[in-house]
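All of these numbers come straight from a predicted model, not from anything done at the bench.
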Amino acid sequence: MSTSTSAPASAATTFGAWFLALLWISPMLFALWAAFHPSTGSSSFDLFAPLTLDNFREVLSAAPFPRYFLNTFLLVTLILASQLVVCTLAAYAFVCFPFRGSNVLFMLVLIQLMIMPEILLVENYRTLAALGLRDTILGMGLPYLASAFGIFLFRQTFKSVPKELEEAARLEGANALQVLMRVFVPLAKPTYVAFGLVTVSYHWNNFLWPLVVTNSVETRPITVGLQVFATVEQGVDWARVTAATLLSVAPLLVAFIIFQRQFVQSFMRAGIR
């Protein structure tokens, strides 16, 4: 009896999973269809409609995408490198060098997770204006050089490292920095990979803050550059918009396709769901 009832339940679960997967990927499928078809046939879904690369040619000629990609790469690299250093040192201090008030300070870090970045938009802009960093890559990355999420994630990972390994390293004559680099960081590698994926994807697709703080092509990232193809005054050409969108997400898609096994394993080991 249990065997006969479990089979329909399993089939229903499989069908539901495939349905949700198809629903999730449907925007990407539409983008692929519209980008490789003329504007007149992008929404007709005619299987015999001719394919074309003209949308990509028009997009590349209408906007300086190489400059946008370079700006985005520099921005993401700056933020990722700074967050890895700052969050690692902060988490290491919380775990191995507790001090009076450290728990209160860590609670303040956790409270920061509850504050939406948009709330600080005006104050961050005023700070950049006072520092003369408006319309610069450093100015775009300045509010994100540290991450409360990263500090919390690394702290929880470092707390799981056996104390015996730290004590053994100190008996061998290692100083605090050597213990960090030779014991804690190697054991937390899956966590670093998972955090790197999260922060790169977030800041690669971040739109509102770069839109506010940039004014020129020399500093504009790819997400802000896409708005050129979606102006209401000129009419929205979905074929060009989807072509530009595919160009912007192409590096992330290629990276995911190549390293998808490492991506999944790092998230599972880091405990991120």
Separation of [Y] [atom2] from [X] [atom1] (nearest 0.5 Å):
{"X": "Phe149", "Y": "Phe154", "atom1": "CZ", "atom2": "CZ", "answer": "8.5 Å"}
{"X": "Leu247", "Y": "Thr242", "atom1": "CG", "atom2": "OG1", "answer": "10.0 Å"}
{"X": "Ser26", "Y": "Trp33", "atom1": "OG", "atom2": "CH2", "answer": "15.0 Å"}
{"X": "Arg220", "Y": "Thr72", "atom1": "CZ", "atom2": "OG1", "answer": "11.5 Å"}
{"X": "Thr88", "Y": "Met181", "atom1": "OG1", "atom2": "CE", "answer": "8.0 Å"}
{"X": "Phe36", "Y": "Leu53", "atom1": "CZ", "atom2": "CG", "answer": "6.5 Å"}

At their closest point, which heavy atom of [X] faces which heavy atom of [Y], and how far apart are they?
{"X": "Thr52", "Y": "His37", "answer": "CG2-C, 3.7 Å"}
{"X": "Ala176", "Y": "Tyr92", "answer": "O-OH, 2.9 Å"}
{"X": "Phe195", "Y": "Gly150", "answer": "CE1-CA, 3.5 Å"}
{"X": "Ser147", "Y": "Cys87", "answer": "O-SG, 3.3 Å"}
{"X": "Asn55", "Y": "Ala35", "answer": "ND2-O, 2.8 Å"}
{"X": "Phe56", "Y": "Ala243", "answer": "CE2-O, 3.7 Å"}

Hydrophobic clusters here meaning ILVMFWY residues chained together by side-chain heavy-atom distances under 4.5 Å, can you tell me if [X] and [Y] are in one?
{"X": "Phe65", "Y": "Leu253", "result": "yes"}
{"X": "Trp209", "Y": "Val122", "result": "no"}
{"X": "Phe69", "Y": "Val217", "result": "yes"}
{"X": "Leu142", "Y": "Val224", "result": "no"}
{"X": "Phe184", "Y": "Phe97", "result": "yes"}

[atom1] of [X]: more than 12 outside heavy atoms within 6.0 angstrom?
{"X": "Arg182", "atom1": "CZ", "value": "no"}
{"X": "Phe99", "atom1": "CZ", "value": "yes"}
{"X": "Glu172", "atom1": "CD", "value": "no"}

Is there side-chain contact between [X] and [Y], with heavy atoms separated by less than 4.5 Å?
{"X": "Val185", "Y": "Tyr192", "value": "yes"}
{"X": "Leu252", "Y": "Val200", "value": "yes"}
{"X": "Val161", "Y": "Val95", "value": "no"}
{"X": "Thr199", "Y": "Tyr144", "value": "no"}
{"X": "Leu145", "Y": "Leu78", "value": "yes"}
{"X": "Gln178", "Y": "Val183", "value": "no"}
{"X": "Asn206", "Y": "Met140", "value": "no"}
{"X": "Phe207", "Y": "Leu226", "value": "no"}

Does [Y] offer a backbone N or O that forms a donor-acceptor pair with the side chain of [X] under 3.5 Å?
{"X": "Thr191", "Y": "Thr157", "answer": "no"}
{"X": "Asn71", "Y": "Ile222", "answer": "no"}
{"X": "Ser201", "Y": "Val198", "answer": "yes"}
{"X": "Gln83", "Y": "Leu80", "answer": "no"}

**Prompt:** Among Asp135, Thr136, Thr214, whose side-chain hydrogen bond (donor to acceptor under 3.5 Å, both in side chains) with Thr219 holds?
**Reply:** Asp135
**Request:** May I ask you to decide whether Arg126 forms a salt bridge with Glu123, counting only side-chain N to carboxylate O separations under 4.0 Å?
**Result:** yes
**Request:** Evaluate the criterion side-chain contact (heavy atoms from CB on, under 4.5 Å) for residue pair Tyr125 and Arg134; output intermediate values, then yes/no.
**Result:** CA-CA 8 Å; Tyr125 186 84; Arg134 287 182 300 178; 3.3 Å; yes
**Asked** Would Arg67 and Leu70 count as a side-chain contact (heavy atoms from CB on, under 4.5 Å) if you check the C-alpha gap in whole Å, the side-chain angles of each, and the deciding distance to 0.1 Å?
**Response** CA-CA 5 Å; Arg67 183 66 190 186; Leu70 178 61; 3.9 Å; yes
**Item:** Pair Val179-Arg170, side-chain contact (heavy atoms from CB on, under 4.5 Å): steps then yes or no
**Value:** CA-CA 7 Å; Val179 171; Arg170 293 189 182 278; 4.0 Å; yes
**Side-chain donor-acceptor contact under 3.5 Å, Ser248 with Tyr68** = no
**Message:** Assess the residue pair Ile79 and Val76 against the criterion (side-chain contact (heavy atoms from CB on, under 4.5 Å)); give the C-alpha distance rounded to whole Å, side-chain angles, the decisive distance to 0.1 Å, and a yes or no.
**Reply:** CA-CA 5 Å; Ile79 293 175; Val76 171; 5.9 Å; no
